[in-house]
Structures are given as structure tokens and as C-alpha cells.
Amino acid sequence: MEKIVDLLKDTSIPRFIDEEVRPFRNLMLEYRCALKEVETKFDVLSDEFSLKYNRNPVESIKTRLKSPNSILGKLKRKNLPLKATSIEENLNDVAGIRIICSFIDDIYDLVSMFTRQDDIKVIEVKDYIKNPKENGYRSLHLIIEVPIFLTDCTKNVRVEVQFRTIAMDFWASLEHEIKYKKNVNSKEVYDELRELATINHNLDVRMQNLRKSVELK
């Protein structure tokens, strides 16, 4: 994660309104702090889960902060004011963290443990595992608020948390590479990706069933 001092020196921040540069930098600092808080929570849950059940449900944790240009573009597309307060009030995915799990039931176990914490406020849940998108995309998305503790106040900051299995992440990453980065939009490619998503999901289910059968022996 980029150091705070680097953020303050960042010359790539769009100077769309001079008086908004400092508020924008402050807001990005808050999002980075929120990502650290959430990442630490999952590190702790993963460590405890490993100790209790002798296996780690978390394969990897990835964090990301939208780039200044990406944020600016989204504000423009939504016809929103180009102000830091507009970002905070209208965009829920500026700060994002992705939790990659081994098995589907690990996702639901982690979501349950995470959302039971009394300082986490769940704003929205989108379960694309039980209800996949039309193109076959599967993942579970949460929009949450987490408190960060600053020098003079405590503030609740929104973070998008995505949960995927290894297989889901594999499909989503390559789907993005094939369809979007290569600007492919044919029905043939779309149908093939959707079929592969179904195969991918069946593999997830079979691997989970296999793990359970082995544990029972």
C-alpha cells in the first residue's frame, strides 16, 4: 500500500478545482486507513480460524484504491459535483478489498464472522454466488462502514469487500482480460465465457464436497 507521504506528494491528482485538492488528499488518506483496518480484521479472523480448525480459509487478500482519474471519470459519468464531499456521499467503491478463499462455504463463514463485529455496519449485500450475474460472474460483495481513528476524531468510512473462491477469481480475472482489455463483445465469446463460468462453479462445488468427504473419514 502506498505510503501516506507519497500520497501527499502525488502530482497525478486531477486539479479539477484547486480548493478541492487538500480535501481530496485527506479523503484518500481516510480510505487508505479504512483499508488497513479491514485488512487487519481479516488477518485476525484468518489466524484464529487456522488455530481452531487447523486450516486457513483465506488464500490471499488484495486491496486497492481507485485512481484519481478513475474517480473523476466516475463523477463525470454520474453527473455529480467534482468535490471531495461528492465522492464520499455517492461512491461506495473507492476503497476495495478482495478476500480470496479456498471454498464457497469459507466465504459465508468469513462473512458471518466479519459482520458480527460490533464496529462493522453493513450498508449493502450483493450475493452473486447464489444469484450470479447473467454473464456467469460469481462473487459476494459487501458495502460496509468501518471506523477509523484520527488525531482529532473517529470517522466511519465506506469500503467495498469482495469475496471470491480461487476459481471465481481465476474466471473473473481472465474474463476481464479477454472481454474488456481486448475490447471483445461478440455473442460467441459471451456464451463461451458464461459456459466456462458454469463449469468453474461446478468445480468449486465438487472440490468443496470432496473436502467435506475427506474430513468425515
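Side chains are part of it too, since the values below use all heavy atoms of this structure and drop only hydrogens, waters and symmetry mates.
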Query raised in the report: Is any side-chain heavy atom of V58 closer than 4.5 Å to a side-chain heavy atom of I99?
Result: yes
Query raised in the report: Should K52 and D47 count as an ion pair when the cut-off is N to O under 4.0 Å?
Result: no
Requested in this report: Only counting residues at least two apart or in another chain, list the ones meeting side chain to side chain donor-acceptor pair (under 3.5 Å) with S112.
Outcome: R116
Requested in this report: Before accepting this row, confirm whether a basic side-chain N of the pair D106/R55 lies closer than 4.0 Å to the acidic partner's carboxylate O.
Outcome: yes
Query - Residue among I87, N90, L80, D93 satisfying side chain to side chain contact (heavy atoms under 4.5 Å, CB included) with K74 - result: D93
Query raised in the report: Going by atom types only, do R158 and N92 share a side-chain donor-acceptor pair under 3.5 Å?
Result: yes
Query raised in the report: Relative to Y137, does K133 satisfy both conditions: NZ or CZ under 6.0 angstrom from the six-membered ring centre, and within 45 degrees of the ring's axis?
Result: yes
Query - Ion pair R64/E160, N-O distance below 4.0 Å - result: yes
Query raised in the report: When rounded to the nearest 0.5 angstrom, what distance separates CD1 in I104 from CG in D204?
Result: 4.5 Å
Query raised in the report: Is M207 reachable from M168 through a run of hydrophobic residues whose side-chain heavy atoms are each under 4.5 Å from the next?
Result: no
Query raised in the report: Listed by chain and number, what are the ring-ring contact (aromatic ring centres under 6.0 Å, His included) partners of Y108, not counting sequence neighbours?
Result: none
**Report entry** Other residues, nucleotides, ligands: >12 heavy atoms within 6.0 Å of M113 CE
**Finding:** yes
Query - Non-hydrogen side-chain atoms of M28 and L65 separated by less than 4.5 Å - result: yes
Query raised in the report: Does any non-hydrogen side-chain atom of R32 lie less than 4.5 Å from one of E30?
Result: no
Requested in this report: Evaluate the criterion salt bridge (Lys or Arg N to Asp or Glu O under 4.0 Å) for residue pair K36 and D43; output intermediate values, then yes/no.
Outcome: CA-CA 10 Å; K36 289 180 181 180; D43 283 338; over 6 Å; no
Query raised in the report: N200 and A167: which non-hydrogen atoms are nearest, and at how many Å?
Result: ND2-O, 2.6 Å
Query raised in the report: How close do L35 and G96 get, heavy atom to heavy atom, and via which atoms?
Result: CD2-O, 3.4 Å
**Report entry** Heavy-atom donor-acceptor pair, Q208 side chain to D105 backbone, under 3.5 Å
**Finding:** yes
Query - Transitive ILVMFWY side-chain link Y31 to L72, under 4.5 Å - result: yes
Query raised in the report: Is the shortest distance from a Lys or Arg side-chain nitrogen in K155 or E88 to a carboxylate oxygen in the other one below 4.0 Å?
Result: yes
Query raised in the report: When the aromatic ring centroids of F163 and F42 are compared, is their separation below 6.0 Å?
Result: yes
Requested in this report: Examine I129 and L203 and state if one hydrophobic cluster contains both, with Ile, Leu, Val, Met, Phe, Trp and Tyr joined whenever side-chain heavy atoms are less than 4.5 Å apart.
Outcome: no
Query raised in the report: Atom CG in L75, atom CZ in R77: separation rounded to 0.5 Å?
Result: 9.0 Å
Query raised in the report: Taking the six-membered ring of F103, is the NZ or CZ of R211 close enough (under 6.0 Å from the centre) and on axis enough (within 45°)?
Result: yes
Query raised in the report: Applying the 4.5 Å side-chain criterion to the ILVMFWY set and letting contacts propagate, would L27 and L91 be lumped into a single cluster?
Result: yes
Query raised in the report: Does atom CD of E215 have more than 12 heavy-atom neighbours from other groups under 6.0 Å away?
Result: yes
**Report entry** Shared hydrophobic cluster for I120 and L110 (ILVMFWY, side-chain gaps under 4.5 Å)
**Finding:** yes
Query - Separation between CG of L140 and OG1 of T165, rounded to the nearest 0.5 Å - result: 11.5 Å
Requested in this report: Output yes when a side-chain donor or acceptor of S173 lies under 3.5 Å from a complementary backbone atom of F170, and no otherwise.
Outcome: no
Report summary line: CD (E188) and CG (L193) are apart, to the nearest 0.5 Å, by 10.5 Å
Query - I144 and I123: CA distance, side-chain angles, deciding distance, side-chain contact (heavy atoms from CB on, under 4.5 Å) verdict - result: CA-CA 5 Å; I144 59 102; I123 305 300; 5.7 Å; no
Query raised in the report: So, Q162 versus S139: side-chain donor-acceptor pair below 3.5 Å or not?
Result: no
